Amino acid sequence: MARALLRALADDDGLEVPSPTFTLVQTYDLRIPVAHFDLYRLADSSELDELGFDEALSQGICLVEWPERADDALPASRITLTIAHEGDGRRVKISGPDEKPQRIARTLAIRDFLDHNGHPNARRRHLSGDASIRAYERIYPADGSVSRILMDSPRHKPGPFCRTANTTSSSRISPKTSFPSSPSTSCSLHAALRRRRSTPAISTRAFC
């Protein structure tokens, strides 16, 4: 899972991601810096300081295997994934503070939207957003056709200074897949594949 996440962040399916079992930590200078920790051989949680955990966390993302070895030294606002064998596969239970599962539920809703709008098994790569609540992803269709830009624009209630009445229920989402007018003009967007879908309940999700 850590290898897949790192390759997705790097947008490089061939990125070498060695296990940090013996080095204890591997760092990756990606668009968001990532430090991959394996705490299996940690004798005491105080050793996290020697590994530069706090510094790595202040600069980017920390992926931590065997977190129970230093549970008292890890931030309370973390996302925890518990992996268990189930039949012939594995089930991952995700837990965390309220806002964390909400963001995870949103990205799973986008995956569901893609699956039901002609893009099953498409690869997704995050792009930089703008100054609004919108976020963008580049979608690589599984059939190898030209990539698309997806704009994730969650509905929200207008602020106290907003003059425009908004009567749309905030419990609905409408992810929009947008297409560049040509491969070289990705900023020229045209709304397409618009579909209204219900937002999933915000709760800890388990998935295979």
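These numbers were taken from a predicted model, which means no experiment stands behind them.
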Going by the salt bridge (charged side-chain N to carboxylate O under 4.0 Å, His left out) test, which pairs reach into residues 58-76, not counting sequence neighbours?
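Sorted result for residues 58-76: Asp71-Arg78.
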
Can you run down the salt bridge (charged side-chain N to carboxylate O under 4.0 Å, His left out) pairs that involve residues 27-48, sequence neighbours left out, and say none if there aren't any?
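As it turns out, there is no salt bridge (charged side-chain N to carboxylate O under 4.0 Å, His left out) pair with a partner in residues 27-48 once direct neighbours are skipped.
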
In the single-linkage hydrophobic clustering (I, L, V, M, F, W, Y; side-chain heavy atoms under 4.5 Å), do [X] and [Y] co-cluster?
X     : Y     : result
Val17 : Val25 : no
Leu5  : Ile32 : yes
Leu30 : Leu57 : no

Side-chain contact, heavy-atom cut-off 4.5 Å: Thr107 with Arg111?
no

Any heavy-atom pair between the side chains of Glu137 and Ile110 that's under 4.5 Å?
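In short, these two side chains touch, coming nearer than 4.5 Å.
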
Partner set under salt bridge (charged side-chain N to carboxylate O under 4.0 Å, His left out) for Asp13, not counting sequence neighbours:
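Asp13: salt bridge (charged side-chain N to carboxylate O under 4.0 Å, His left out) contacts with Arg123, Arg125.
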
The criterion is side-chain contact (heavy atoms from CB on, under 4.5 Å); which residues satisfy it with [X], sequence neighbours excluded?
X      : value
Asp12  : Ala10, Leu15
Pro141 : His119, Asp143, Ser145, Arg148
Gln59  : Glu55
Asp54  : Asp49

Working to the nearest 0.5 angstrom, can you tell me the gap between Glu16 CD and Arg3 CZ?
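It is 9.0 Å, given to the nearest 0.5 Å.
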
Rounded to the nearest 0.5 Å, what's the gap from CG on Asp152 to CZ on Arg106? Could you check?
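Answer rounded to 0.5 Å: 4.0 Å.
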
Heavy atoms of Arg138 and Ser147 approach each other most closely as NH1-OG, 2.9 Å

What residue pairs, at least two apart or across chains, pass ring pair (Phe, Tyr, Trp, His ring centres under 6.0 Å) with a residue in [range]?
range          : value
residues 72-99 : none
residues 41-67 : Phe37-Phe53, Tyr40-Trp66
residues 10-35 : none

Checking Ser19 now: which residues fulfil side chain to side chain donor-acceptor pair (under 3.5 Å) with it, not counting sequence neighbours?
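Side chain to side chain donor-acceptor pair (under 3.5 Å) list for Ser19, sorted by chain: Thr21.
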
